[in-house]
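Bear in mind that the values here come from a model prediction, so they are computed numbers and not experimental data.
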Amino acid sequence: MNRLTHYFGMAMKVSFPRMLPKLVNYAKRKLRKPTPLVKNYAPQIVSLVMINRCNLRCKFCAYANNGVFDGEKSEVTLDSVKTMFSHPLLKKAIVVDLLGGEPLLCKDLPEIIAFFASHGCLTNLVTNGILLADKIYELKKAGITSVNVSIYSENINVLRNTLYGINKIFPVQTSYVLTKSQIEENPQEIMEIIEMSKNSGCKFMTFNIFIPGGKNANFNDVITDDLPAYHSLLAQVKNKFNDFVLWRPVVHSSKNEGSGVFDKKCRDLWKKITVNANGEIIPCCGIAPYCLPNVNVFTSTADEIYNHPDMVELRNNLLNKSIPAPMVCQTCHLLGEAGW
């Protein structure tokens with residue numbers, strides 16, 4: 001399994017004529033040299049933060065402070081999503097990632113999925129899976145194209161009992177966030193999590209690399225390419241589960257030095273944008289607490305958002321390989337990954 005195969009499988013579930021304008025938009029980005037100002041295409045991927053509440057209290061959560069959700073509650077509705085995705089910035093997205101919080105707590109979720117399906121969007125739901133067994137049939141009926149179940153220590157016991165039955169209705173994939181402390185202290189648990197996912201009938205599993213951010217950032221848990229425990233785990237996994245596990249790149253150790261020339265391949269600022277239930281814009285997926293000031297999808301134009309001064313400054317930096325990446329990017333493994 002690789003990412004291209006995964007996205008091709010998703011695309012087979014959506015009407016091609018409805019996807020055609022979105023594919024043209026994607027082709028424009030691929031055929032044009034990236035520039036700081038973007039005028040000719042819109043983001044191809046939209047991450048929609050549907051709700052800022054969750055039924056778990058994970059210690060590393062970007063939205064909780066010591067397990068407490070202290071921000072004002074926000075949640076999308078079908079009407080607000082229709083308004084958002086009529087905006088020129090969002091309506092040509094090929095993929096919509098449905099995020100939280102926990103998106104299964106969103107009351108209008110099935111209707112929102114059906115709306116995206118009717119408009120030729122691929123929808124990828126990212127969930128902790130606690131409520132999934134009760135809702136998977138309804139999501140399948142609504143037209144969901146992909147479900148990713150994030151595994152944590154807080155939900156693994158539930159998933160051991162429910163993943164097999166969920167996969168009988170709609171095969172899902174799982175993901176797990178690797179941290180430096182865990183691969184050094186308990187690599188065997190990671191191997192057991194992979195085995196549980198595979199034996200439950202999941203399509204594949206992705207290892208995401210920890211990115212410090214939010215209210216509980218821990219920069220000591222960043223994995224770099226000079227970590228012996230990482231290479232040991234990589235070898236074990238490839239030996240036993242090579243065709244089942246997808247790996248994301250880790251941070252190059254030189255990127256933590258704050259100087260030098262870096263291979264800055266990331267193109268998320270040209271292809272992806274995140275919007276929350278209030279219409280606020282987050283530049284990419286890696287800096288959750290930061291929203292672009294003075295713009296909102298309900299009130300601002302596509303140019304005001306997509307070519308916001310902060311976006312242009314970040315793009316300028318990524319295109320200039322003679323200077324270090326922004327500090328916010330230096331501990332992000334996506335810095336070295338161009339993506340599709």
Side-chain angles (χ1 to χ4, degrees), residues 47-78 80-81 96-114 116 123-142 144-179 182 189 192-193 196-197 200 202 205-206 208 210-218 274-278 280 282 285 288-289:
S47 295
L48 177 61
V49 181
M50 306 188 75
I51 189 169
N52 65 348
R53 291 293 182 273
C54 188
N55 48 2
L56 290 182
R57 295 294 183 267
C58 301
K59 62 182 179 180
F60 55 81
C61 178
Y63 296 98
N65 187 7
N66 295 321
V68 177
F69 289 83
D70 51 8
E72 183 180 349
K73 183 178 179 180
S74 62
E75 178 180 343
V76 296
T77 64
L78 177 60
S80 68
V81 167
V96 180
D97 289 321
L98 305 174
L99 312 177
E102 173 48 55
L104 290 180
L105 295 174
C106 184
K107 294 188 291 292
D108 287 354
L109 179 61
E111 292 81 6
I112 290 169
I113 291 171
F116 285 129
T123 46
N124 176 49
L125 177 75
V126 180
T127 173
N128 62 38
I130 296 292
L131 302 174
L132 190 57
D134 293 331
K135 296 181 180 288
I136 189 63
Y137 179 77
E138 186 178 28
L139 301 182
K140 178 181 179 180
K141 185 177 178 181
I144 193 73
T145 43
S146 175
V147 176
N148 180 86
V149 179
S150 302
I151 298 178
Y152 312 111
S153 58
E154 291 83 356
N155 67 348
I156 190 167
N157 288 332
V158 172
L159 297 178
R160 284 193 178 102
N161 294 322
T162 60
L163 265 182
Y164 182 82
I166 289 167
N167 283 315
K168 286 294 184 181
I169 299 171
F170 186 93
V172 305
Q173 64 264 15
T174 56
S175 65
Y176 188 77
V177 178
L178 288 178
T179 63
Q182 182 164 26
E189 183 180 53
E192 291 170 359
I193 288 170
M196 184 269 291
S197 296
S200 297
C202 297
M205 182 174 185
T206 300
N208 293 317
F210 172 71
I211 302 174
K215 301 174 181 179
N216 304 290
N218 180 4
T274 299
V275 59
N276 65 22
N278 297 322
E280 297 169 317
I282 301 166
C285 63

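- Ser175 and Asn148 are linked by a side-chain donor-acceptor pair at a separation below 3.5 angstrom, with hydrogens and angles left out of the test.
- Leu109 is listed as a side-chain neighbour of Leu104, based on a closest heavy-atom distance under 4.5 Å.
- Listed here is the closest heavy atom pair of Val76 and Cys106: O-SG, 3.6 Å.
- Judged purely by distance below 3.5 Å, without hydrogens or angles, the side chains of Gln173 and Thr206 never pair a donor atom with an acceptor atom.
- Note that OG of Ser146 is 8.5 Å distant from CG of Leu125, once rounded to the nearest 0.5 Å.
- Judged as a side chain to side chain donor-acceptor pair (under 3.5 Å), and not counting sequence neighbours, Thr162 has no contacts.
- Contact annotation: the side chain of Val149 never approaches that of Ile166 to less than 4.5 Å [non-hydrogen atoms, C-beta and beyond].
- Contact of the Leu98 side chain with the Val96 side chain is registered, since non-hydrogen atoms from C-beta on lie closer than 4.5 Å.
- With rounding to the nearest 0.5 angstrom, the CD1 atom of Ile144 is 11.0 Å from the CD1 atom of Ile112.
- The closest side-chain heavy-atom distance from Ile151 to Met196 is below 4.5 Å.
- Using a distance-only test at 3.5 Å, with no hydrogens or angles considered, a donor-acceptor pair links the side chain of Asn155 to the main chain of Ser150.
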Would you be so kind as to tabulate the donor-acceptor pairs closer than 3.5 Å made by side chains of residues 126-137, with sequence neighbours excluded?
residue, atom, partner, partner atom, Å
Thr127, OG1, Glu102, OE1, 3.3
Thr127, OG1, Glu102, OE2, 2.8
Thr127, OG1, Gly129, N, 2.9
Asn128, OD1, Ile130, N, 2.9
Asn128, ND2, Asn55, OD1, 2.8
Asn128, ND2, Glu102, OE1, 3.1

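- Counting all heavy atoms, side chain and backbone alike, Ser47 lies closest to Leu99 at CB-CD1, 3.6 Å.
- Between the side chain of Asn276 and the backbone N or O of Asn278 there is at least one donor-acceptor pair closer than 3.5 Å.
- A pairwise comparison of heavy atoms in Phe116 and Val81 identifies CZ-CG1, 3.6 Å as the closest pair.
- In terms of heavy-atom proximity, Glu111 sits nearest to Leu78 at O-CD1, 3.7 Å.
- The minimum heavy-atom distance between Pro110 and Ala142, with the atom names listed, is O-CB, 3.4 Å.
- For the atom pair CZ (Arg160) and OG (Ser197), the distance works out to 10.0 Å, reported to the nearest 0.5 Å.
- Here the side chains of Tyr152 and Leu56 are in contact, with some heavy-atom distance below 4.5 Å.
- With a 4.5 Å cut-off on side-chain heavy atoms, Leu163 and Val172 count as touching.
- Shortest non-hydrogen contact noted between Val147 and Phe170 is CG2-CE2, 3.9 Å.
- Partners of Lys107 under the salt bridge (Lys or Arg N to Asp or Glu O under 4.0 Å) rule, at least two apart in sequence or in another chain, are Glu75.
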